[in-house]
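Note that this is a predicted model, so its numbers are computed, not measured.
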Amino acid sequence: MSADTGLKSLHTTCCIVGGGPAGLMLGYLLARAGIDVTVLEKHADFLRDFRGDTIHPSTLEFLRQLGDLDEFLQLPHTKFSQMGFSFEGREGTVVDFSRLAIATPYVAMMPQWDFLNFLADRARTYPNFRLILQAEVDGLLTEAERVVGVTGHDPDGRFEVRAALAVAADGRGSVLRDAAGMAVNEFGTPIDVLWFRVSRQDQDQKQALGRFVGSNLIVMLNRGDYWQCAHIVQKDRFAEIQRAGLPAYRAVLDRTLGLSPPRGAEIAGWDQVKLLSVKVNRLDCWWREGLLFIGDAAHAMSPLGGIGINLAVQDAVAAANLLVGPLRRGRVSGADLASVQARRLWPVKVTQWLQVQMQNRMIAPMLAGGAMRPPLPFRVLAAVPWLRRYPARFIGLGVRQERVSEAVLAKGGGGG
């Protein structure tokens, strides 16, 4: 504590801003490798509803590599190995994860706060790891145009954290992105998502399903005793839907969900419907001296396929693999940071391009005027089962599959 300013000061090797999947996975990996690491999270806990609750096969594979999978799967969760569609009553399967030649050929459904708490608990077994909650970062510390840390505030007042490397993992609304003046390419999107949940009953189908009825599309994810639902709507249309009234919206839900008995009446108020304003964007450059951006802070993804978390966790693994050596030496160069972007840029570009094509060429026309039959790719996948491994690989493992390096796997920090 500084006597004249009241500013708290902390020194660490790597300061990670944001306690989401990317930030906590990177923090855990670096702590395991012996790096002194501090994660700053602005909230008091991880309990926020309607976050991505899908744990994809690639993330499960990372946990297997780390020796944590069996313990992780002791947490309450559900699984699905197939994804299908219902198009005006015509049904088919289009994704089959069971065809992937990996130890965990399925998606685990789990509240994200359980996943984050698990990562935090594993990281805390290392004495060189700190997770500081209610620490809201609002600026950068710089010296000679190099970032040397971050500033912010917590319930006790102002603080600063000095570090050899700051990592912005603070999401699509990244404060550090604005503070650093980073250029962002916006690709636009014609859709938003309305998240809600309804009960699931024994007679309901089991697999994850996208239901197209008229000009409505709802993706249903089986969470055991309830359906987590994503209603895909035209961009900026939520206010119009609200003006039409809750009874009209319940009728749309009942017609589209196709559940018997109907569940729309379970939506008692608009506070049960959460708007996700969809963005697809990407930084031109993911770094500046002393500062790296990963996950949504570097590239906001469409929710299509639920692969944003996939990409964020893979960013974290790639960053840990490439930076553990420089961090051990206490100096991370611009070239080191550029190597992370070089490793991850191509899979992000490919994924975003495919998402934008699906949004613009398939989903937007259906939302605008409805369609009488499934698009050709859906019909082909429904008819040819062995083809379903390809969308499963794209969704489940990503365009470039990462692996935790031996340098990270070798426990360098003590602890469990």
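The pair E145-R288 does not count as a salt bridge, with every side-chain nitrogen at least 4.0 angstrom from each carboxylate oxygen. Under the 4.0 Å criterion applied to side-chain N and carboxylate O atoms, R158 and D138 are assigned as salt-bridge partners. Ion pairing between a basic and an acidic side chain is recognised when a charged N comes within 4.0 Å of a carboxylate O; E240 and R243 show no such pairing. Salt bridge annotation for R223-D53: present, with a cationic side-chain nitrogen under 4.0 angstrom from a carboxylate oxygen. Under 4.0 Å is where a charged nitrogen must lie from a carboxylate oxygen, and between E266 and R250 no such pair does.
Using a 4.5 Å heavy-atom threshold, the side chains of H56 and Q314 count as separate. Under the 4.5 Å side-chain criterion, counting only non-hydrogen atoms from C-beta, F394 is not in contact with N310. Counting heavy atoms from C-beta on, the side chains of R130 and L10 come closer than 4.5 Å. When side chains are defined from C-beta on, R99 does not count as touching P105, because their heavy atoms never get closer than 4.5 Å. V233 has its side chain out of reach of F238: every pair of non-hydrogen atoms, C-beta onward, lies at least 4.5 Å apart. You'll find the side chain of D68 reaches within 4.5 Å of the side chain of Y28, heavy atoms only. Residues M220 and L257 form a side-chain contact, since some pair of their non-hydrogen atoms from C-beta on lies under 4.5 Å apart. By the 4.5 Å heavy-atom criterion applied to side chains, I363 and I191 are counted as neighbours.
Heavy-atom contacts from other residues, nucleotides or ligands closer than 6.0 Å to CZ of R393 number 12 or fewer. No more than 12 heavy atoms of other residues, nucleotides or ligands sit less than 6.0 Å from atom CD of E406. Counting non-hydrogen atoms of other residues, nucleotides and ligands closer than 6.0 Å to CD of E186 gives a total above 12. Counting non-hydrogen atoms of neighbouring residues, nucleotides and ligands closer than 6.0 angstrom, the CZ atom of R331 reaches no more than 12 such neighbours. The number of heavy-atom neighbours closer than 6.0 Å to NZ of K235, taken from other residues, nucleotides and ligands shown, is above 12.
No donor-acceptor distance shorter than 3.5 angstrom exists from the side chain of R282 to the backbone of L345, with no hydrogens or angles considered. Formation of a donor-acceptor pair under 3.5 Å by the D170 side chain with backbone atoms of V17 is not found in this model. In this structure a side-chain-to-backbone donor-acceptor pair under 3.5 Å is present from R177 to A297. With hydrogens and angles ignored, the 3.5 Å screen pairs a side-chain donor or acceptor of N321 with a backbone N or O of R403. The backbone N or O of T93 sits less than 3.5 Å from a side-chain atom of R388, completing a donor-acceptor pair. Side chain of D114 to main chain of M110: no donor-acceptor pair is present (N/O by atom type, distance under 3.5 Å, no hydrogens or angles). Judged by distance alone, the side chain of N216 and the main-chain N or O of T256 form no donor-acceptor pair under 3.5 Å.
Rounding to the nearest 0.5 Å gives a distance of 8.0 Å between CG of L26 and CG of L292. The distance from atom CD of Q352 to atom CG of N281, rounded to the nearest 0.5 Å, is 7.0 Å. Atom CZ of F87 sits about 5.5 Å away from atom CZ of F212, to the nearest 0.5 Å. With rounding to the nearest 0.5 Å, the separation of CG in L63 from CG in L69 is 6.0 Å. Taking OG of S277 as the reference point, atom CZ of R172 lies at 8.0 Å (rounded to 0.5 Å). Here M25 contributes atom CE and I16 contributes atom CD1; the two are 11.5 Å apart, rounded to the nearest 0.5 Å.
Across M366 and M362, no two heavy atoms sit closer than the pair CE-O, 3.2 Å. Taking each heavy atom of I102 and P57 in turn, the nearest pair found is CD1-CB, 3.5 Å. Here the closest heavy-atom approach between residue P21 and residue V313 is recorded as CB-CG2, 3.9 Å. Closest non-hydrogen pair, A31 versus F129, comes out as CB-CB, 3.8 Å. Listed here is the closest heavy atom pair of W286 and A298: CD2-CB, 3.9 Å. When every heavy atom of A382 is checked against every heavy atom of G92, the shortest pair comes out as CB-CA, 4.2 Å.
Using modelled atom types, one finds no donor on one side chain facing an acceptor on the other under 3.5 Å when comparing D96 with Y390. The closest side-chain donor-acceptor pair between Q228 and R197, if any, does not fall under 3.5 angstrom.
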Query - Residues E61, R64; criterion salt bridge (Lys or Arg N to Asp or Glu O under 4.0 Å); working and verdict - result: CA-CA 5 Å; E61 175 63 14; R64 187 193 66 79; 2.6 Å; yes

Query - Stepwise salt bridge (Lys or Arg N to Asp or Glu O under 4.0 Å) test for R146 and E143 - result: CA-CA 5 Å; R146 179 183 178 88; E143 292 178 0; over 6 Å; no

**Report entry** Worked check of side-chain contact (heavy atoms from CB on, under 4.5 Å) between V317 and Q401
**Finding:** CA-CA 10 Å; V317 172; Q401 188 175 0; over 6 Å; no

Query - Intermediate values then yes/no, side-chain contact (heavy atoms from CB on, under 4.5 Å), E136 and D154 - result: CA-CA 6 Å; E136 186 165 358; D154 64 13; over 6 Å; no

Query raised in the report: Can you check side-chain contact (heavy atoms from CB on, under 4.5 Å) on F196 and K274, steps first, answer last?
Result: CA-CA 7 Å; F196 64 93; K274 307 297 183 182; over 6 Å; no

Requested in this report: Kindly determine whether Q341 and L337 satisfy side-chain contact (heavy atoms from CB on, under 4.5 Å), including the steps that lead there.
Outcome: CA-CA 7 Å; Q341 179 174 350; L337 300 179; over 6 Å; no

Query raised in the report: R263 and D204: salt bridge (Lys or Arg N to Asp or Glu O under 4.0 Å), yes or no, with the steps?
Result: CA-CA 12 Å; R263 318 286 157 82; D204 297 347; 2.9 Å; yes

Query raised in the report: Between R162 and E160, does a salt bridge (Lys or Arg N to Asp or Glu O under 4.0 Å) hold up when you go through it step by step?
Result: CA-CA 6 Å; R162 291 183 171 267; E160 66 176 30; 3.4 Å; yes

Query - side chain to side chain donor-acceptor pair (under 3.5 Å) between D336 and S333, worked out - result: CA-CA 5 Å; D336 295 324; S333 69; 3.0 Å; yes

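Close placement of the F85 and F378 rings is indicated, their centers lying within 6.0 Å of each other.
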Using atom types as modelled, flag every donor-acceptor pair under 3.5 Å from a side chain in residues 70-82 to any protein atom, sequence neighbours excluded.
unit_1	atom_1	unit_2	atom_2	d
H77	ND1	L75	O	2.8
T78	OG1	N222	O	3.1

Show me, pair by pair, the donor-acceptor contacts under 3.5 angstrom made by side chains of residues 299-309, not counting sequence neighbours?
unit_1	atom_1	unit_2	atom_2	d
H299	NE2	D315	OD2	2.5
S302	OG	L304	N	3.2
S302	OG	Q359	OE1	2.7

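Taking the centre and axis of the six-membered ring of Y226, the NZ or CZ atom of R200 falls outside the cone set by 45° and 6.0 Å.
With F159 as reference, L40 is the one residue of T151, L40, I132 to meet the side-chain contact (heavy atoms from CB on, under 4.5 Å) rule.
Y249 is linked by a ring-ring contact (aromatic ring centres under 6.0 Å, His included) to H231, W270, counting only residues two or more places apart in sequence or in another chain.
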